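Everything on this sheet refers to the single structure shown next.
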Amino acid sequence: MTIGIGIVGAGIMGADHARILHQGIAGATLAGIHDADRPRAERLAAETGGPRLFETAAQLIGDPEIGAVLIASPDETHAPLALACIAAGKPVLCEKPLAATLAACRDILASEIAGGRRLVQVGYMRRFDPGYRAMRQSVAEGRLGAPLMMHCVHRNAVAPHYIGSDLVIANSMVHEFDVARFVLGEDFVAASVTSPRASSNAPARQPQFAVLETASWVVVDIEAFLDCQYGYDVRAELVCEKGSIALAPNPPVVVRQDGRDGFALAPDWRGRFLDAYREQMQAWVTSAISGRPAAGSSAWDGYVASATAAACLEARRTGAKVRIDAGPRPDFYV
Ligand code: ISE
């Protein structure tokens, strides 16, 4: 069986997903694109095998040739589009964050539960990265002993001007909130945040430094710095009682030349996590066809990442340690 995928949003991520689909995902074809900017949608369609163009997102979601929908439009559109997909009974892969507000996240949970079918996957693609998967496996097997601390670094070379200090947390650090919870297999209960001064390269945006505690008292620290200039750099080390496990540098080769030993950094996340994006897409398509939820982030996981971000934003504003309580996970998401 082949399922027709419709993409809403032809910006950086919509285009990246369209190319991945066009390059070949078993069981899927890129069947439609909608973007409010029609020429942008046309350019992407021309590059990706000429899928149909839709005037509105509602037409794309309602079309019988579209079996599943990928949402890659601006954050505030995620919730209404995800709700429309649930109402239409269509599987949806929604770029992170799940929604722009916690109330909208809860609306999605309520609607999915009421419909009785798990239809939403959130695009926290790091869950498909082999490094984080190996870390999770090592925690599950327990060979390194109990985890104690996790150190995370998240640096972008440059970020767009509309990313302010709060979005460093709500748009970038959310990846660590989701993937650290995935690796450790438990929820966060408290967060503190402190922010150094801004870099002169981006005077309106401060780096952010968060310290989170899990229910069993593992401490996770996260540096998010979106203006490091030199490349995309994501690191993580999990320190356990008998050893530690860390992400290795991603490129397959190191080069020694002119007295230096080094490896190239990807310019941004699309290259660094290319394999994870492909794996995520394949898992989602397979799940859309089989009707069984994929290994990716559920709507519940998306909500918890956003609830963690909300607590961190409050911690940043107040300077206090803030409790994180997303409430009990509904059985529907177990
Ligand atoms: C961007 O929106 C992403 O989702 C990337 O994965 C992340 O690393 C980056 O910091 C965000 O700006």
Side-chain angles (χ1 to χ4, degrees), residues 7-20 70-78 93-100 121-133 150-183 193 195 198-199 201-202 204-210 220-236 247 249-250 265-281 284 296-297 301-302 305-306 308-309 312-313 316:
I7 297 185
V8 180
I12 292 182
M13 283 322 299
D16 205 51
H17 291 303
R19 288 183 199 116
I20 287 173
L70 196 154
I71 301 173
S73 44
D75 294 359
E76 56 292 354
T77 67
H78 290 186
L93 175 57
C94 180
E95 260 302 333
K96 45 75 23 189
L98 174 60
Q121 185 178 325
V122 186
Y124 284 115
M125 77 297 178
R126 292 191 192 180
R127 288 186 180 223
F128 294 89
D129 177 75
Y132 286 113
R133 290 198 150 205
M150 187 168 170
H151 307 297
C152 307
V153 169
H154 183 159
R155 296 188 192 145
N156 290 11
V158 288
H161 69 277
Y162 61 82
I163 303 281
S165 297
D166 281 357
L167 282 182
V168 174
I169 292 173
N171 210 276
S172 290
M173 229 187 232
V174 278
H175 279 290
E176 271 78 14
F177 301 156
D178 181 69
V179 84
R181 197 174 146 258
F182 169 73
V183 165
V193 173
S195 321
S199 155
N201 292 309
R205 176 170 49 236
Q206 286 171 275
Q208 301 297 326
F209 192 86
V220 176
D221 61 83
I222 310 167
E223 172 211 304
F225 175 33
L226 305 195
D227 302 285
C228 79
Q229 311 294 303
Y230 63 82
Y232 187 68
D233 188 9
V234 165
R235 295 182 233 160
L247 299 183
N250 182 250
L265 290 170
D268 67 33
W269 58 91
R270 291 169 296 176
R272 165 63 182 87
F273 287 110
L274 176 61
D275 291 342
Y277 278 115
R278 282 206 191 104
E279 296 279 335
Q280 168 180 258
M281 183 76 82
W284 174 61
S297 295
D301 297 318
S306 293
T308 307
C312 284
L313 290 173
R316 175 171 130 75

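Here the structure is a predicted model, which means the values were calculated and not measured. Both ligands and their constituent atoms are indexed starting at 1 by order of listing. Heavy-atom basis, side chains included; hydrogens, waters and symmetry copies ignored.
The atoms of ligand 1 that sit less than 4.0 Å from any heavy atom of Met125 are 6 (O). Atom numbering of ligand 1 starts at 1 in the shown order; those under 4.0 Å from a heavy atom of Asn171 are 2 (O).
Protein heavy atom closest to atom 11 (C) of ligand 1, with residue, atom name and distance, is Ser172 OG, 3.5 Å. Nearest non-hydrogen protein atom to atom 7 (C) of ligand 1 is His154 NE2, 3.4 Å. In this structure, atom 9 (C) of ligand 1 lies nearest to the protein heavy atom Asn156 ND2, 3.4 Å.
In this structure, Lys96 does not pair ionically with Asp178, as no charged nitrogen and carboxylate oxygen lie closer than 4.0 Å.
The distance criterion of under 3.5 Å between nitrogen or oxygen atoms is not met by Tyr277 with respect to ligand 1. Polar contact check, Trp269 against ligand 1: no nitrogen or oxygen pair lies under 3.5 Å apart.
The closest approach between a heavy atom of Lys96 and any atom of ligand 1 is below 4.0 Å. Residue contacts with ligand 1 include Tyr232, since one or more of its heavy atoms lies under 4.0 Å from the ligand.
Residues Ala72 and Met13 come closest through the heavy atom pair CB-C, 4.3 Å. The two residues Ser195 and Arg316 come nearest to each other via the heavy atoms OG-NH1, 3.4 Å.
Looking at Arg126 and Tyr132, their side chains do bring a donor and an acceptor atom within 3.5 Å of each other.
Note that CD of Glu95 and CD1 of Ile71 are 10.0 Å apart. Values are rounded to the nearest 0.5 Å.
With His78 contributing its side chain and Ser73 its backbone, the two residues share a donor-acceptor pair below 3.5 Å.
For Tyr230, the OH atom counts as densely surrounded, since its 6.0 Å shell holds more than 12 non-hydrogen atoms of other residues, nucleotides or ligands.
In His175, the part holding a heavy atom less than 4.0 Å from any atom of ligand 1 is the side chain.
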